[in-house]
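In what follows, a structure is listed as structure tokens, so that the remarks can point back to it.
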Amino acid sequence: MHGSLFAVPRSDPSPAPKPAPAAKAAPSAAQKALQKLGLTRDIDLALHLPLRYEDETRITPLANARDGDTVQIEATVTACEVQLRPRRQLRVEVDDGTGTCELRFFSFYPSHQKTMAVGARLRIRGEVKGGFWGRQMLHPAFRVAGGELPQALTPVYPTVAGLPQPYLRRAVVSALQRVDLSDTLPPGEEPPLQFWSPNGGRRLWGLRETLTFLHHPTPDVALATLEDHSHPAWQRLKAEELLAQQLSQHQSKRERDRLRAPALRPAPQPSGGGLALHEQLLAALPFQLTGAQRRVCEEIAADLARTVPMHRLLQGDVGSGKTIVAALSAVIAIDAGWQCALMAPTEILAEQHFRKLVGWLEPLLAPLGRRVAWLAGAQKKKERAAMLALVESGEAALVVGTHAVIQEQVQFQRLGLAVIDEQHRFGVAQRLALRQKLAPGSAAGPPQGDAAPSGDGGKAWGPSAPMEPHMLMMSATPIPRTLAMSYYADLDVSTIDELPPGRTPIVTKLIADSRKDEVIERIGAQVAAGRQVYWVCPLIEESEALDLSNATATHLDLSEALPGVVVGLLHSRMPQAEKKAVMDLFTSGAMGVLVSTTVIEVGVDVPNASLMVIEHAERFGLSQLHQLRGRVGRGAVASACVLLYSTGDSGRLGETARDRLRAMAETNDGFEIARRDLEIRGPGEFLGARQSGAPLLRFADLNTDTALLDWARELAPQMLDRHPRLAQQHIARWLGGKSDYLKA
Ligand code: ADP
Ligand code: MG
């Protein structure tokens with residue numbers, strides 16, 4: 001390519017404040033704005049790419065400017081006056097020898113009038129409106145004519161208030177001059193680009209060429225290929241981004257593989273060949289595990305037996321029976337002499353787990369003098385202190401709770417396994433905290449006494465090997481394959497792909513809320529038949545902005561419409577004790593209808609509930625709807641889900657809302673739902689908690705850049721082996737300090 005093309009072009013001609021401050025000066029508003037955008041390092045600025053471009057490389061004769069064109073002209077002012085009617089404005093007339101144009105400014109300063117005095121020669125840029133009365137531009141950009149025309153298109157960057165384009169442009173230009181853009185792709189490992197350079201050439205552009213081009217492309221570029229990111233320069237950049245992400249994932253997997261964890265295998269049974277705890281638990285269950293449950297249990301048990309910390313995601317559709325898998329994993333840890341923690345995102349869910357696990361485990365633990373402990377935010381001080389003591393002494397074999405489980409005061413005697421239910425509900429920081437909960441005492445070496453693991457488990461503890469508990473994360477929101485490969489490449493995945501037998505599929509119906517009365521009738525019939533019903537409302541209080549049904553009002557309405565039926569109300573602002581009381585009544589079957597906000601969304605398990613009504617279903621996300629629907633269809637009773645939708649004033653549903661509701665009616669399969677959700681929403685939103693702080697892909701698109709993703713996945717492990725220095729350089733450049741987040 002021609003040398004001049006990749007020289008950093010002149011900075012923007014318009015006046016701009018100086019970038020890069022002297023060391024101690026207080027940060028200016030613009031510098032603060034740069035920080036806010038995360039543009040702190042030169043490389044961040046270099047990778048802050050334009051949204052679009054303006055062509056200031058050409059002067060268009062006015063005679064050639066057509067209605068609607070955005071053009072740059074050079075012309076002489078022939079008139080300049082302030083008009084007061086119909087409103088105060090500055091009216092300027094210019095002539096470039098081929099034609100005339102009228103400029104109008106509704107806000108202006110005296111300096112405008114000075115610059116645009118009659119006789120001044122100006123360079124003006126704006127959109128031409130050419131009516132019968134002649135050409136006109138509203139609020140065009142202008143400056144005194146003269147100086148060379150830029151050779152490249154002018155970038156327009158994504159920005160925020162307080163950060164003007166000219167400032168940002170200059171900051172990018174000087175960052176590009178300073179920053180090290182030496183290539184980090186290993187030689188001979190070019191990504192599979194259709195064209196390697198824009199002229200169809202086979203020489204791969206370097207990173208500097210690529211970025212210089214994307215910031216300041218030559219005017220002959222096909223703008224469409226820049227906009228849809230199909231241009232070779234974009235392709236190359238996307239390949240680099242995907243590679244950085246894959247490198248970081250593989251690296252964190254390797255780091256974890258160097259960590260140590262206690263090998264958890266059922267100890268040989270003491271005194272007279274009793275059954276191992278997990279065998280006792282299986283024998284006591286009122287049901288048989290499904291094939292899928294048995295398979296994932298084996299996968300988990302194999303991981304637990306290793307001295308490398310497990311990092312496994314257990315995914316299975318709502319109702320697939322993940323809890324018993326967690327319980328079986330827990331007893332393996334307990335049998336091996338370690339503690340297990342189980343954390344759930346809401347108190348209701350945690351409480352329900354607690355009750356279930358107490359029922360399953362206490363009969364087995366009691367003879368061993370061990371217990372299940374409970375930790376939650378709303379706990380009484382005294383009870384909490386007692387629980388903390390149980391955890392610290394090790395008497396608590398299993399600790400169940402909300403995020404209270406990871407608080408500082410909680411000291412495990414020796415935590416061997418941590419289970420996180422509905423893991424996508426937790427933030428990265430919380431998952432990291434749980435990983436760091438292995439008590440310092442046990443980090444020094446294997447447990448002492450007869451619970452010590454035998455065989456190679458014992459000798460694996462070097463004095464310096466950091467110890468971590470095994471981690472089992474559970475989710476009913478399955479991660480689609482492409483996402484799993486790119487965001488969770490460091491995670492092992494077990495999938496329960498089979499529901500327990502005897503479930504009748506849930507029938508889903510879309511019903512306009514004008515037919516609410518019919519729905520209420522149906523509720524009456526269900527309750528009369530001994531079934532129970534959930535009614536979900538989106539918000540708890542009337543909001544002026546959004547005319548949402550109010551759970552309290554709905555509660556009253558339903559109570560009135562269904563005389564003789566116990567109708568309960570559950571919402572997120574109720575005191576914990578009250579929530580518990582309501583939940584208890586519903587679980588026991590005494591309450592026929594439970595009106596609630598989305599607090600019941602996760603994990604609640606009442607097999608006798610057979611009808612779920614979701615009001616304003618159009619306002620919920622797809623995964624959320626699926627989770628809610630999963631609260632019914634948990635027993636053998638035929639169950640239904642009614643999605644009540646409101647079309648509002650327009651009388652029609654929006655397109656995405658319609659897509660979502662239709663998807664719900666069409667399939668009960670959580671994986672299919674997740675796939676469609678990804679399609680409708682894109683990965684950013686889908687990943688939820690990971691979004692905050694996690695470097696999501698900015699440039700690449702997992703759905704369309706599959707060839708580049710495959711390339712990056714294959715190259716990453718090889719590059720870590722053969723070009724470790726380049727790999728580190730690449731990760732640092734692309735992810736900076738953020739790569740930690742990907743490890744959680
Ligand atoms: P989820 O995967 O949504 O967390 P749960 O663990 O709450 O599902 O299980 C849903 C229901 O199915 C529970 O009542 C549970 O006891 C029951 N269950 C789990 N496994 C089986 C099985 N193999 N056979 C019959 N019922 C089962
Ligand atoms: Mg569950």
Side-chain angles (χ1 to χ4, degrees), residues 278 281-300 312-331 342-361 398 400-402 419-426 472-479 493-506 531-532 534 583 586-589 598-610 612 623-637 639 641 668-671 673-674:
H278 72 278
L281 175 54
L282 280 176
L285 285 179
F287 52 76
Q288 297 262 311
L289 292 189
T290 62
Q293 283 171 320
R294 229 171 300 139
R295 174 172 45 75
V296 301
C297 280
E298 270 158 28
E299 287 165 0
I300 292 167
R312 188 171 281 277
L313 176 69
L314 172 60
Q315 53 181 24
D317 210 344
V318 282
S320 60
K322 294 182 291 293
T323 318
I324 184 62
V325 174
L328 286 161
S329 312
V331 294
L342 189 150
M343 180 164 78
T346 66
E347 199 143 339
I348 287 184
L349 183 55
E351 157 103 37
Q352 184 180 285
H353 281 327
F354 175 69
R355 251 184 281 166
K356 200 164 229 175
L357 289 162
V358 164
W360 280 337
L361 301 193
L398 173 64
V400 181
T402 58
V419 182
I420 305 183
D421 195 19
E422 308 290 345
Q423 66 99 20
H424 57 285
R425 291 305 204 86
F426 287 99
L472 179 64
M473 288 159 277
M474 308 202 289
S475 176
T477 306
I479 304 169
V493 178
S494 288
T495 304
I496 307 185
D497 52 6
E498 179 185 355
L499 291 179
R503 302 264 168 94
T504 22
I506 306 164
R531 305 285 164 233
Q532 289 166 280
Y534 293 104
M583 229 26 237
F586 193 67
T587 310
S588 72
T598 48
V599 286
I600 61 153
E601 180 183 340
V602 283
V604 175
D605 186 31
V606 179
N608 189 47
S610 62
M612 162 71 61
S623 302
Q624 220 179 357
L625 287 173
H626 182 63
Q627 288 261 344
L628 285 169
R629 176 170 63 183
R631 297 311 110 220
V632 293
R634 309 205 130 224
V637 214
S639 298
C641 174
N668 269 319
D669 176 350
F671 284 83
I673 298 262

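Note that ligands are numbered from 1 as they come in the structure, with each ligand's atoms numbered from 1 the same way. Numbers for residues simply follow the sequence, beginning at 1.
Closest non-hydrogen pair, S494 versus R312, comes out as OG-NH1, 2.8 Å. Residue Q288 comes nearest to Q293 through the heavy atom pair O-OE1, 4.5 Å, listed as atom of the first residue, atom of the second, then distance.
Of all atoms in ligand 1, listed by their number and element, those nearer than 4.0 Å to a heavy atom of S320 are 2 (O), 8 (O). Within the listing of ligand 1, atoms 23 (N) sit less than 4.0 angstrom from a heavy atom of T290. Short contacts between ligand 1 and K356, defined as distances under 4.0 Å to a heavy atom of the residue, involve ligand atoms 13 (C), 14 (O), 15 (C), 16 (O). For ligand 1, the atoms closer than 4.0 angstrom to any heavy atom of Q288 are 22 (C), 23 (N), 24 (N). Taking every heavy atom of V318 and a limit of under 4.0 angstrom, the matching atoms of ligand 1 come to 3 (O). With ligand atoms numbered from 1 in the order given, ligand 1 contributes 20 (N), 21 (C), 22 (C), 24 (N), 25 (C), 26 (N), 27 (C) to contacts under 4.0 Å with heavy atoms of P500. Residue contact check: L289 has heavy atoms under 4.0 Å from atoms 23 (N) of ligand 1.
Using cut-offs of 30° and 60° for the angle between ring planes, the F287 and W360 rings count as perpendicular.
Remark: R294 engages no residue in a salt bridge (Lys or Arg N to Asp or Glu O under 4.0 Å) (not counting sequence neighbours). For the salt bridge (Lys or Arg N to Asp or Glu O under 4.0 Å) test, residues two or more places apart in sequence or in another chain that qualify with E351 are R355, K580.
Inter-residue side-chain proximity for I324 and K356 is flagged as unmet; no heavy-atom pair is nearer than 4.5 Å. Looking at I300 and L328, their side chains never come closer than 4.5 Å, going by heavy atoms from C-beta outward.
The N/O atoms of G319, backbone and side chain alike, include one that comes under 3.5 Å of an N/O atom in ligand 1. The shortest N or O to N or O distance between T323 and ligand 1 is under 3.5 Å.
Atom 8 (O) of ligand 1 has its nearest heavy-atom neighbour, among A326, G321, A292, in G321.
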